[in-house]
Protein chains: 2
Amino acid sequence: MMTAATNRGKSARGGDNRRRELLEAAARLFSTRGYEGTSIRDIAAIVGMLPGSIYYHFKSKEELLVAVHEQGVLQVMQAVESAVDKAGPDPWDRLTAAAEAHLESLLAENAFSPVVTPQFTKAFDDPLRSTLIAQRDEYEAYFVSLVKQLPLPPGTGRRLFRLALLGSLNWTLTWYRPGGKRPATIARQMVDLFRTGLDPAAGT
Amino acid sequence: MMTAATNRGKSARGGDNRRRELLEAAARLFSTRGYEGTSIRDIAAIVGMLPGSIYYHFKSKEELLVAVHEQGVLQVMQAVESAVDKAGPDPWDRLTAAAEAHLESLLAENAFSPVVTPQFTKAFDDPLRSTLIAQRDEYEAYFVSLVKQLPLPPGTGRRLFRLALLGSLNWTLTWYRPGGKRPATIARQMVDLFRTGLDPAAGT
DNA sequence: TTGCCTAACAATCGATCGTTTGATTTGTGG
DNA sequence: CCACAAATCAAACGATCGATTGTTAGGCAA
């Protein structure tokens, strides 16, 4: 799905390099300094362009944000789906593969993806906010289906499990430092945490 | 610990009501619209004060933020320590009590606490950023001690467990809607999730 | 060559930002 | 009632914000 008027009716020819540069610069700044903390002038300076020129490519700062967010969701979703497709048929293996790809995307250098977190989304109000949430819901629905495949004891809160797992993964953004464990390792250990539990005397 | 010059040398008489009003208004706005998204004028309007008058109570917007953050950390920490003290001696019960109090504080109406999340902290740069992180680390250290008491099989990653649990709890801020399960219930179920695990065929 | 389209520049708009300054009100002790 | 300090008002400062406008230089097609 494409939010329409996201690009200027130009056909999908490969020639829109500056537009991609703008998206990438905006993504980096939005994810590090926040949306309000980033000015059009900051973005223009990075790509070597005058502030006004940005409005040829995007008709407003909000539209630029929507485009960045859309791109971020798209990148993460593609990475996750591709990883799951490569995994075996076991539902836990597939969920683990998804978690690994999810976290790797979020911590990747290029940094489109951090914008995907709903924490980022929270601050906006409602025309814009709904747009971003809708983009993201499409992605989270994929995790719903992955969790649904899990053979869990009846009565288990699948929704809470999904939210808790994604919370653990997404929260990694706030404490991860490069040089530590690889993201995929962290993701796998987290899934195992939920799967096997910690208390040797559990279930009493 | 008090960051010094946080108040204007006025003794701890109870009479600084407007200051508290300012702190509360700022907390609500900071946590919903973000720091950059909140203007001094917005805060002044809420408490019925002209923008310039705020500078009688706080010498800069940054100092106001630090004071709000300090207050937020303090409130959560006190709620958690009080809850743990009331709990029994069992380490898992104590951790559960902490998780419940933590999440209840974060979702409380008054809304000082959401500012405590490091997600919020991330956007600032370094003189300010370090101050906020230091305030928060003091709080997280308390969870380190709670997890240390847990009787876990040797070789378990206590650090990852703590981060994963706090991630699940903190992430609740992004999806919780009033009218659903009570925060304490959510917190308890999350701790149980980590404690007992989900896979009936686990440990293979 | 002519004509159009893309992409950017140069300059500037009104609004809003954090902050400062100096006068003025309000409350309180002598 | 007066003096003095605490608290707020009133007004404005320079800077920066997102956005608009008019123009121009290059590329490609007819």
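Proteins come first, then strands; the chains are lettered A, B, ... in the order of their sequence lines, and each starts at number 1. These numbers were taken from a predicted model, which means no experiment stands behind them.
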Partner set under side-chain contact (heavy atoms from CB on, under 4.5 Å) for B:D90, not counting sequence neighbours = B:W92, B:D93
key: Pairs touching residues 71-83 of chain A that satisfy side-chain hydrogen bond (donor to acceptor under 3.5 Å, both in side chains), sequence neighbours left out   = A:S82-A:K86
Mind listing the N/O atom pairs, protein and nucleotides 25-27 of chain C, below 3.5 Å?
none

Between the protein and nucleotides 22-27 of chain D, list every N/O to N/O distance that falls short of 3.5 Å.
none

request  = Only counting residues at least two apart or in another chain, list the ones meeting side-chain hydrogen bond (donor to acceptor under 3.5 Å, both in side chains) with B:S130.
outcome  = B:D126
task = Check side-chain contact (heavy atoms from CB on, under 4.5 Å) between B:L50 and all other residues, then give those that pass, not counting sequence neighbours.
result = B:S53
Under 3.5 Å, sequence neighbours excluded: what are the donor-acceptor pairs made by side chains of residues 181-193 of chain A?
from   : atom 1 : to     : atom 2 : distance (Å)
A:K181 : NZ     : A:Q189 : OE1    : 3.2
A:R188 : NE     : A:E100 : OE2    : 3.4

key: Those residues that, when tested against A:R33, pass side-chain contact (heavy atoms from CB on, under 4.5 Å) (two or more places apart)   = A:L29, A:T38, A:D42
request  = Using a 4.0 Å heavy-atom cut-off, write out nucleotides 8-21 of chain D from 5' to 3' as B (base contacted by protein), S (sugar-phosphate only) or - (no contact).
outcome  = BBB-B----BBBB-
ask   = What residues form a side-chain contact (heavy atoms from CB on, under 4.5 Å) with A:A79, not counting sequence neighbours?
value = A:S105
inquiry  = Tell me whether A:K148 forms a cation-pi arrangement with A:F143, defined as NZ or CZ under 6.0 Å from the six-membered ring centre and within 45 degrees of its axis.
reply    = no
May I have the list of side-chain donor-acceptor pairs in residues 158-166 of chain B shorter than 3.5 Å, sequence neighbours left out?
from   : atom 1 : to     : atom 2 : distance (Å)
B:R158 : NE     : B:V147 : O      : 3.3
B:R158 : NH2    : B:L150 : O      : 2.2

key: Partner set under side-chain hydrogen bond (donor to acceptor under 3.5 Å, both in side chains) for B:S60, not counting sequence neighbours   = none
